[in-house]
2 protein chains.
Amino acid sequence: MRFTTERHLDGGVVEREFALGEIPGVLWTPASASAPVPLILLGHPPLGLHRMYPRLAARARHAVADGFAAAAIELPGSGDRPRWAAAEQARADLRRAMAAGGPVSDEIVDALVLPLVDRAVPELRSALDALLALPEIGGPVGYSGGLISVGIRLAVVEPRIVAAGLFAGSLVPRVMVEEARQVTIPLHVLLQWDDEGNDRQAALDLFDAFGSPEKTLHANMGGHTGVPQSAGQDAAGFFARHLLPSPAVPG
Amino acid sequence: MRFTTERHLDGGVVEREFALGEIPGVLWTPASASAPVPLILLGHPPLGLHRMYPRLAARARHAVADGFAAAAIELPGSGDRPRWAAAEQARADLRRAMAAGGPVSDEIVDALVLPLVDRAVPELRSALDALLALPEIGGPVGYSGGLISVGIRLAVVEPRIVAAGLFAGSLVPRVMVEEARQVTIPLHVLLQWDDEGNDRQAALDLFDAFGSPEKTLHANMGGHTGVPQSAGQDAAGFFARHLLPSPAVPG
């Protein structure tokens with residue numbers, strides 16, 4: 001892991017770009033902290049870190065203000081990372097299906113999402129190795145947002161992730177719904193009730209499928225990008241409960 | 001309105017029992033406040049104020065700590081208030097249907113809930129008249145919990161109620177689902193995902209029916225009485241956003 005830039009942002013946040021081999025990433029940490037802080041991995045849709053930067057930086061600032069470090073890495077096939085033919089084909093098929101207003105077939109969803117999950121999750125785990133080796137980051141780790149299928153796989157295979165905040169707002173392969181039954185960590189799932197790109201019943205079925213004894217669904221009005229500010233506050237409370245040390249209880 | 005007792009509780013809470021004509025009630029207010037505070041009306045199931053007291057008092061203490069007054073009144077036909085024959089019959093029918101493990105018919109639900117709504121809501125509105133006349137209470141008013149059908153009717157007919165936190169955990173007459181379409185105030189709806197006494201799909205349909213542009217559904221694992229502590233924190237955030245003055249924004 002190689003840091004390439006360092007900027008000090010308002011509010012006591014240090015923002016550093018890094019490269020993990022070929023993979024670019026961004027790390028946000030508190031400018032001053034008396035002890036190593038837990039980490040929130042910020043998921044994001046495969047639209048490129050640059051394009052996602054404003055939203056990621058806003059989420060990261062909140063996370064740092066709440067006592068966390070936050071990090072994001074470029075997804076395979078996004079930003080300046082090499083494309084691969086099958087993924088490009090699947091994206092083209094998806095665009096065609098959506099432009100036609102028809103349903104998106106299981107084949108398209110599988111071709112679009114499954115290879116991305118298979119490639120992204122090992123990279124995220126390598127990023128965790130590097131990030132947790134930094135003296136300023138101590139774990140535990142939460143995963144927040146992004147493609148819910150990536151979150152599902154990470155929650156199943158990566159024991160350092162102890163809580164996840166997921167967004168039921170993307171196309172989910174059927175095999176990932178089955179994989180969701182193996183998830184046992186506490187989950188905080190957001191659903192946009194009128195999400196134009198998302199089948200509400202499928203999202204409710206996915207929530208039901210999660211094996212976690214502690215899971216909560218927060219459904220809000222509006223479309224895909226209409227998540228209200230209060231939803232962010234509730235999610236922050238979720239991560240604080242699960243990642244930060246408990247306040248000492250007077251004995 | 002006649003106050004009958006006054007107690008000072010830990011945490012700077014004054015608890016006063018009152019009588020509003022024949023109707024007993026309890027009011028919790030901050031022991032010291034520099035200005036009149038908004039009010040949260042605490043709904044509760046028709047099991048009697050005495051039996052519900054521990055849970056009501058716990059909710060009230062949280063409300064007062066958050067900057068509110070809180071009040072509850074005895075429902076018609078509960079506690080020491082006179083029963084009426086039709087309600088007793090409906091309760092007996094409900095017990096019989098549930099003991100038989102069979103579905104509870106629409107007729108039983110209507111007979112159980114609709115007369116209670118028709119009687120309770122005008123009483124709650126009279127209680128609001130009396131409570132809002134007290135110098136220490138200034139409005140606006142929120143309604144929290146209890147029978148969701150009472151919350152629906154109150155939200156439709158009582159303009160002083162500006163936000164409601166409802167519990168999708170009771171039998172709801174079909175006509176109340178229709179009435180829910182007329183509700184327009186911000187809503188925070190709790191659903192226990194595995195509520196043994198509640199049909200999940202019916203609860204989701206009711207949430208969908210509410211006409212409010214701003215509504216949020218928080219679904220948590222567990223049965224009817226298993227609402228997690230975090231759900232209370234999220235609901236407190238909802239009432240704070242809608243009932244407390246906004247923090248001054250530096251110009």
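Side chains are part of it too, since the values below use all heavy atoms of this structure and drop only hydrogens, waters and symmetry mates. Each chain gets a letter, A, B and so on, in the order the sequences are listed, and its residues count up from 1.
- Here the straight-line distance linking atom NZ of B:K215 with atom CE of A:M221 works out to 4.5 Å at 0.5 Å rounding.
- Neither the backbone nor the side chain of A:P228 has a heavy atom closer than 4.5 Å to any heavy atom of chain B.
- Between atom CG of residue A:N220 and atom CG of residue A:L191 there is a gap of 8.5 Å, rounded to the nearest 0.5 Å.
- Using a 4.5 Å cut-off between heavy atoms, A:Q229 does not touch chain B at all.
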Return a table of donor-acceptor pairs under 3.5 angstrom between the side chains of residues 181-189 of chain B and protein atoms on other chains or two or more places apart.
residue: B:R181; atom: NE; partner: B:E178; partner atom: OE1; Å: 3.2
residue: B:R181; atom: NH2; partner: B:E178; partner atom: OE2; Å: 3.4

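- Looking at every heavy atom in both residues, B:L27 comes nearest to B:A71 through CD1-CB, 4.0 Å.
- Contact count against chain A (heavy-atom pairs under 4.5 Å) is highest for B:R200 among B:Q233, B:E214, B:R200.
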